[in-house]
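Predicted model only: the values in this text are computed from it and were never measured. Naming convention: chains lettered A, B, ... in sequence-line order (proteins, then strands); numbering from 1 in each chain.
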Amino acid sequence: MFQLPFHTIRPATTAHLAQTMTMLSLTAEELRQQIESELAANPALELINERRCPTCHRLLPKQGLCPICSQPALFDSSEPVVFISPREDFYPGSISPQSEDLPVDNFSIATEDLPTYVLRQIASELDASNRKIAAFLLTHLDEDGLLTISLLEVARYYHVPLGDVERVQRIIQRADPVGVGSSSPKDALLSQLDILSETRLIPPHARELIQSGMDLLSRHQLSELARRMKVPLRQVQQAYRFISENLNPFPGRANWGDVRQPANSRLDVFHRPDVIISYLEGDVEKPLIVEIILPLNGTLRVNPVFKKAIHEAPEENKDSWKSDLERASLFVKCLQQRNHTMQRLIHRLVVLQREFIVKGEEFLKPVTRVQLSKELEVHESTISRAVANKTVQLPNKRIIPLSSFFDRSLNVRTVLCNLISQEQRPLSDSELVDLLEEYGYKVARRTVAKYRAMEGILPAHLRQASS
DNA sequence: CTATGGCACGGATT
DNA sequence: AATCCGTGCCATAG
């Protein structure tokens, strides 16, 4: 019923194949750059406007209404709907056609600065007056992403209660470089900790350490800290490691302009996902909507005017025009090819891992890339490329790497976490092995220890029995 | 003596 | 061919 504009896949030339391959491994952000430079370099390539759905802003098919918004009831809830989606709200830097009716600077390709980037994320949560406050706060950030003015000043300036300003600040802090807009490094750490604690376990005392031991913490005086807080040194060390690995006192400094996370960071904050999975109309009963982000605000095609003009091309330019034309059509084909592959891949993946997506990590089925490559009848390296470096946003708004879908042990690890969080008394690793066996997971004792370490859980003798 | 972490090996995965 | 991951063995801490 909802036919996507599939294009017949032509027999690939080697150049075609090579370019598709490299394109497949690009993230949405990288793809944006690629398209941008190609567009600038090749006059035969053009980007045209297309009609958009007035409610969801998705690109509309050639004729008719947006299939998602207009007839939601038509969809079978057992089948996910997968499609390529140019979502400029997720891609503020999306490339737009230079149309006459739209001021160019509105969606220009200029990279955004931090204040704009943050404001875009939170704009929908704020009413007009709060938006003003947010904008004001964001223009007073230093290069570290911290506020240079006090909240009190702002409140006085706008004649609003301090509480209002604080509320706006809290919303800002939750936006992408998490902790941005905090008043101090300490503040930034605390808000990051809050957000992290919603999704994973945090070591005991981490919060108190930051709260009251910030100065000692920043000077790495752990033993002094342990004495003053009356907490075992081991726990201080544990908490310290967690803090330095996962939190960042200067939220603006870190990865701004850098797409990839530092290797040692486990903070699940990525700038923008490559794929977004959500429920239709936010309703759990409705089917899953899967959008593969294409950072393109329109449709890319070979310029028909250019194509026509080729016959009248001046003799000395004819060759270069011709190569431009070929290059352009190759580029478009590769892009289609990439989209097609991504779409098939993600579709299969969503069907397979539905439980994981809707119910949580515990239900992840161990699937290897090889299995999937056989099902889709593509080479395994194709899957690898498609999966590498990409991120997915789940319906619960968490953004995770696409490779998590192929994690062989994530399910066991989460069961392990549950087990430990529900334990009455600290269980040793070998006891946990037996317990896991009852749940149908057979792992070695040594492996349990590894998983514990991965999840940042202390060994049994350092854990106190708690709720 | 038990529980755990380090090192390293082999097989699977990419 | 390179890398990742689970596991076994052994040293060490408690």
Side-chain angles (χ1 to χ4, degrees), chain A residues 17-18 20-27 201 203-204 222-223 226 231-242 245 260-266 274 338 341-342 344-346 348-349 352-353 356 361 364-392 400-417 419-420 423-437 439-465:
Chain A
L17 200 66
T20 309
M21 281 305 176
T22 51
M23 209 179 262
L24 193 60
S25 60
L26 298 179
T27 64
L201 290 167
L222 299 189
S223 43
V231 169
L233 183 60
R234 293 292 289 258
Q235 289 197 14
V236 175
Q237 286 168 341
Q238 189 80 25
Y240 176 77
R241 226 185 61 216
F242 180 85
E245 279 177 13
R260 215 129 316 179
Q261 293 286 308
N264 59 352
S265 165
R266 296 206 59 227
D274 299 284
R338 171 193 194 266
T341 312
M342 285 298 287
R344 291 211 310 149
L345 168 68
I346 304 286
R348 185 74 195 125
L349 214 46
L352 272 172
Q353 301 288 19
F356 163 64
E361 300 182 332
L364 181 80
K365 296 187 190 70
V367 181
T368 70
R369 293 158 169 81
V370 184
Q371 275 175 46
L372 212 62
S373 74
K374 281 182 190 139
E375 289 184 29
L376 296 178
E377 297 175 313
V378 292
H379 197 274
E380 35 195 276
S381 74
T382 309
I383 308 278
S384 284
R385 286 168 189 282
V387 165
N389 301 327
K390 299 211 175 62
T391 56
V392 187
I400 58 166
L402 186 52
S403 53
S404 307
F405 282 75
F406 297 94
D407 195 311
R408 270 175 291 166
S409 61
L410 192 61
N411 49 1
V412 194
R413 290 208 307 270
T414 45
V415 171
L416 181 73
C417 285
L419 244 41
I420 291 177
E423 72 190 359
Q424 297 306 310
R425 78 193 148 79
L427 298 166
S428 78
D429 286 351
S430 26
E431 286 170 312
L432 287 167
V433 171
D434 298 338
L435 217 43
L436 279 174
E437 179 128 32
Y439 284 80
Y441 301 101
K442 62 168 188 55
V443 280
R445 183 233 104 219
R446 189 64 192 78
T447 311
V448 172
K450 286 255 155 117
Y451 288 169
R452 257 196 317 99
M454 289 171 85
E455 302 292 339
I457 299 170
L458 294 160
H461 58 279
L462 293 176
R463 254 182 280 143
Q464 56 254 45

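Judged by distance alone, the side chain of Ser381(A) and the main-chain N or O of Ser384(A) form no donor-acceptor pair under 3.5 Å.
Using a 4.0 Å cut-off, no side-chain N or O of Ser428(A) falls inside it from OP1 or OP2 of dT2(B).
If you measure from atom CZ of Arg425(A) to atom C1' of dA3(B), you get 13 Å, rounded to the nearest angstrom. Spacing between atom CE of Met454(A) and atom C1' of dG5(B) amounts to 16 Å, rounded to whole angstrom units. One interatomic measurement links the two molecules: CZ of Arg408(A) to P of dG11(B), which rounds to 15 Å at whole-angstrom precision. Summarising the geometry, the separation between OH on Tyr451(A) and P on dG5(B) is reported as 15 Å, rounded to the nearest angstrom. Taking atom CG on Leu436(A) and atom P on dG6(C), their separation rounds to 13 Å, with Å as the unit. Spacing between atom CG of Leu432(A) and atom P of dT4(B) amounts to 8 Å, rounded to whole angstrom units. To the nearest angstrom, P of dT13(B) lies 13 Å from CG of Asp407(A). Whole-Å rounding puts the Leu462(A) CG to dA3(B) C1' distance at 11 Å.
Atom NZ of Lys365(A) sits in a crowded spot, with more than 12 heavy atoms from other residues, nucleotides or ligands closer than 6.0 Å.
At a threshold of 4.0 angstrom between heavy atoms, the contacts of Thr447(A) include nucleobase atoms, whether or not backbone atoms are also involved. At the heavy-atom level, Ser381(A) lies nowhere under 4.0 Å from the strands shown.
Scanning both residues, Arg369(A) and Ser403(A), for their nearest heavy atoms gives NH2-CB, 3.8 Å. Contact detail for Leu345(A) and Leu376(A): the closest heavy-atom pair is CA-CD1, 3.7 Å.
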Pairs under 3.5 Å (N/O, protein and nucleotides 8-11 of chain C):
none

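Distance check: Leu352(A) CG to Phe405(A) CZ gives 10.5 Å after rounding to the nearest 0.5 Å. Annotation: the span from Ser428(A) atom OG to His461(A) atom NE2 amounts to 11.5 Å, rounded to 0.5 Å. Atom CG of Asp274(A) and atom CG of Asn389(A) lie 9.0 Å apart (nearest 0.5 Å).
Map Val370(A) and Asp429(A) each onto its nearest nucleotide of DNA chain B; the residue landing nearer the 5' end is Asp429(A).
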